[in-house]
There are 2 protein chains.
Amino acid sequence: MGYGVVMSGRTPAAAAGPDATAFVVFAREGYAQATLDAIAAEARVAKHTIYNHFGDKQTLLRAAIAAEADRAMAKNLAAVDRLRDYDGDLRVTLEDVGRQLVACYCDERGWALRRLLYAEINQFPDLLDIITGRASDPVTEALADRLARLALAGHLRGGDPAAAAEQLAALLTGSLEARCRYGTRVISPAEQHAVARAAVDTFLHAFGTASGPAATTVATAALA
Amino acid sequence: MGYGVVMSGRTPAAAAGPDATAFVVFAREGYAQATLDAIAAEARVAKHTIYNHFGDKQTLLRAAIAAEADRAMAKNLAAVDRLRDYDGDLRVTLEDVGRQLVACYCDERGWALRRLLYAEINQFPDLLDIITGRASDPVTEALADRLARLALAGHLRGGDPAAAAEQLAALLTGSLEARCRYGTRVISPAEQHAVARAAVDTFLHAFGTASGPAATTVATAALA
DNA sequence: GTTACAGTGCACCGGTCAGTGTAGATTTGG
DNA sequence: CCAAATCTACACTGACCGGTGCACTGTAAC
């Protein structure tokens, strides 16, 4: 013990532990450019302490990424879980969940994690193993579970729920890479809402039942 | 003069010029880790020669990325342009184009470019300016142009063709990040075909006309 | 032949950084 | 109250790399 919350007069950066601070620095500077001196200074901790805890720079990187991936997945799963609150208006519920998933994807830290992964995946291929089980895979699976329930209840067309989940996820996140300019642009909540609405609209056209609210209007997919 | 094609006994790496070689090394090692000595050696060129041509390391990076982005965009635009060969079977034509776009996205060099962009966008925000006009933006726009023609001819539902193009692009590429594991996994042509077919199927359900071939079967979107 | 240009190989400088060593301060637990 | 463990501050090493200077070679034009 001895970190963060226990100690009183720390900066926010240090309050979350050295690995969280390390993630911020790694994401900002890149692995090679990030110096341990900078990480230690930003975490308000002696450089030696980091070596005591993590051994070397690579181990610190892996720990930082694992912690951040856990955080991101928890947020995603919480959003998908809201599909249990299905109260009769499928479109509204889907749009709500979609909006939250889009928000997760547009999150500053989400972009930072994705950037860091793309950047270092060549030098550290084993980062994939750290991410697998903590990333989009379980989220899509959980989404497939919810969609399967909805299909069984007659609110969606039958078929492979995994495929449906994949298509919905693609519709929600596929355009965000371009819209957010690789994470350098922050898009407004209104624009996020428009993306979610357009995605759900297309999804319901393709996977909704005739009885369901498939055809409202062609979404005015212009942004706000 | 003095590079590449003109000289006979060069390795493939050097045959394309120092900037192409530089891109390969930058993508493999990362900007900071890539040494000019390594680039020069791999390009079969003296380090000094690189400085004569590009001035410094950053300029070399920008030149390498610009060249690679041009190459990628040309390939994408060629694929979209095949939508002009519309011969009556919309689904077949769209799947053909979709398959080619998926292949572009899964291209080894395409992943390398995307990785490099994600990796260095923080250190070199101006890379976005280099990419804008050479990247997915013009491709989506060209796709919107083709879809507008198809809608006008009654083969697709009306509405904003830009939105339709964005949705189609999202369906095609949205699942590839996960499927290709950030570019470290090569997916088979059969799997690429399945992705394109599922995307086009969903797209036609949402944007096809009643007269069109909207409903075939729910695509058996299992991979091969 | 000579002038101009472009490339080559090598050695060098200045700076940076991971990781270690050490010695003193602080905390923790019994 | 003491001892073990942990943290801090700081100096140091060994290695690496961007960029430069220099002496030399090859080639094409006039």
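Just so it is clear: chains get the letters A, B, ... in the order the sequence lines come, proteins before strands, and each one is counted from 1.
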- Item | Between C:dT20 (C1') and A:Asp56 (CG): distance, integer Å | 14 Å
- Item | Atom pair CG/CZ of B:Leu61 and B:Phe124 - distance to nearest 0.5 Å | 6.0 Å
- Item | Passing candidate, side-chain contact (heavy atoms from CB on, under 4.5 Å) with B:Gln192, options B:Leu172, B:Leu176, B:Val102 | B:Val102
- Option passing salt bridge (Lys or Arg N to Asp or Glu O under 4.0 Å) with A:Glu191 (candidates A:Arg99, A:Arg179, A:Arg197): A:Arg179
- Task: Side chain of A:Ala46 only, please: which of D:dG19, C:dT20, D:dT8 is the nearest?
- Result: D:dT8
- Check whether any side-chain N or O of A:Thr49 sits under 4.0 Å from OP1 or OP2 of D:dT6, and answer yes or no. no
- Item | 5'-most by nearest nucleotide on DNA chain C - A:Tyr31 or B:His48 | B:His48
- For B:Asp37 and C:dC12, give me the distance from atom CG to atom P, rounded to whole Å. 16 Å
- Provide, to the nearest angstrom, the distance between the CD1 atom belonging to A:Ile39 and the P atom belonging to C:dG19. 11 Å
- Query: Given the rule in the salt bridge (charged side-chain N to carboxylate O under 4.0 Å, His left out) test, do B:Arg114 and B:Asp107 qualify, once you have shown the distances and angles that lead to the verdict?
  - Reply: CA-CA 11 Å; B:Arg114 233 166 291 129; B:Asp107 181 28; over 6 Å; no
- Note on the structure: Looking only at C:dT8, D:dC7, D:dG19, the nucleotide nearest the B:Val45 side chain is C:dT8
- Task: Kindly point out which of C:dG7, C:dC17, C:dG19 is positioned nearest to the side chain of B:His53?
- Result: C:dG7
- Message: Need one value for B:Ala38: base, sugar-phosphate or nothing, where a base atom within 4.0 Å counts as base even if backbone is also close, heavy atoms only.
- Response: nothing
- Query: With distance as the sole criterion, do the side chain of A:Lys47 and the base of C:dG19 form a donor-acceptor contact below 3.5 Å?
  - Reply: yes
